[in-house]
Protein chains: 2
Amino acid sequence: MMRLSTKSRYGARLMIDLASHYGKGNILLKDIARRQEISVGYLEHLLPPLKAAGLVTSGRGAHGGYALAKSPSKINLKDIVETMEGSLAPVRCVDNPALCHRTNYCITIDVWKELKENITRTLESITLQDLLGRRKEKLETSLIYNI
Amino acid sequence: MMRLSTKSRYGARLMIDLASHYGKGNILLKDIARRQEISVGYLEHLLPPLKAAGLVTSGRGAHGGYALAKSPSKINLKDIVETMEGSLAPVRCVDNPALCHRTNYCITIDVWKELKENITRTLESITLQDLLGRRKEKLETSLIYNI
DNA sequence: ACTAATCTTATTAGATTAATAGGAATTATA
DNA sequence: TATAATTCCTATTAATCTAATAAGATTAGT
């Protein structure tokens, strides 16, 4: 069904949460879990790859927790989704043409490549900073209309 | 992993095959299966939804087979992939916001909507006719360079 | 030492996907 | 009208992937 895994969905929310506390030191998984309604145990799976990708830093023990490794304006959704999914290719052969012996005369592979590039560009164009701005906006309009 | 199912991949190849025989009457699954290296049994699963979507017509019994319901220039990849996948939404809540109680203040849902629209536009822009043209081109350049 | 946190690995259950199999229904034609 | 060739339909299986939990090891401040 060409669906993002929950790793990506939760990963995005996790990173937005970290972004909204950027500059305030290490943030506890426990607190993120409460705010985002995701179990600590599940969050624990999301962080190692994000750390390996250089998107977050961590500290262990007391005063431990997580923080963004760089400013929210320097991290975009492509960074996050790509590390969570492993690849943005909608079809395996796009990353590894050797998988299919038809690659040489197959035209659909070119289309799937275009689709991947398009998805990549779209996600690249949205930074965590943008998302914080959007949230503020959404919150304000919902306050106006929902009270 | 945000992958297209093989239904979409095979569906695209099936439809290109039909497009390349457009106007020549009904085409046998047996022949498509041979040319595309897909089992007849599997192809049989792909066709009912394509037929329901008004993209192909079929005839049973002797002289039976399948044909495009309209010209290759009038069918695009969005038509095909959407009927094969059921939806192009990368996240369920995009099609059905009621699934998640956070929809009202969630910002990521807006991003996933944008992603869906982007994927839709990309696939819409490529018709079966375009793909036939590309194949011709690819074949010619491969003849030049691979002999 | 104690406590609170991240880190690591294993396991389970569930959902989805891919593919096959077998037979029913249909239709031109000999 | 029998036959052969085809689409159509339903069930089943096997494999893969995903989501989520659990339990303990490691680390670091107090």
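Numbers restart at 1 for each chain; the letters A, B, ... are given by sequence-line order, proteins then strands.
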- Between K30(A) and dA5(C), does any side-chain N or O lie under 4.0 Å from OP1 or OP2? yes

Mind calculating the distance between [atom1] ([X]) and [atom2] ([N]) to the nearest angstrom?
{"X": "L28(A)", "N": "dT6(C)", "atom1": "CG", "atom2": "C1'", "result": "10 Å"}
{"X": "Y10(B)", "N": "dA18(C)", "atom1": "OH", "atom2": "P", "result": "9 Å"}
{"X": "M84(B)", "N": "dA18(C)", "atom1": "CE", "atom2": "P", "result": "12 Å"}
{"X": "R3(B)", "N": "dT17(C)", "atom1": "CZ", "atom2": "P", "result": "14 Å"}
{"X": "M1(B)", "N": "dT16(C)", "atom1": "CE", "atom2": "P", "result": "19 Å"}
{"X": "I38(B)", "N": "dA19(C)", "atom1": "CD1", "atom2": "C1'", "result": "13 Å"}

- Task: Quick one: closest heavy-atom pair of D79(B) and L55(B), and the distance?
- Result: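 Scanning both residues, the minimum pair turns out to be O-CD1, 3.8 Å.
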
- Could you go step by step and tell me if E117(B) and K113(B) meet the salt bridge (charged side-chain N to carboxylate O under 4.0 Å, His left out) rule? CA-CA 6 Å; E117(B) 282 157 20; K113(B) 270 183 198 162; over 6 Å; no

- Got a sec? Which of residues 45-62 of chain A come in under 4.0 Å of DNA chain D, heavy atoms? H45(A), R60(A), G61(A), A62(A)

- Restricting to pairs with a member in residues 95-106 of chain B, which pass salt bridge (Lys or Arg N to Asp or Glu O under 4.0 Å), not counting sequence neighbours?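 Passing the test, one end in residues 95-106 of chain B: E37(A)-R102(B), D95(B)-K116(B).
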
- Shoot me the first and last contacting nucleotide of DNA chain D against chain B, ordered 5' to 3', at under 4.0 angstrom to non-hydrogen atoms. dA5(D) to dT18(D)

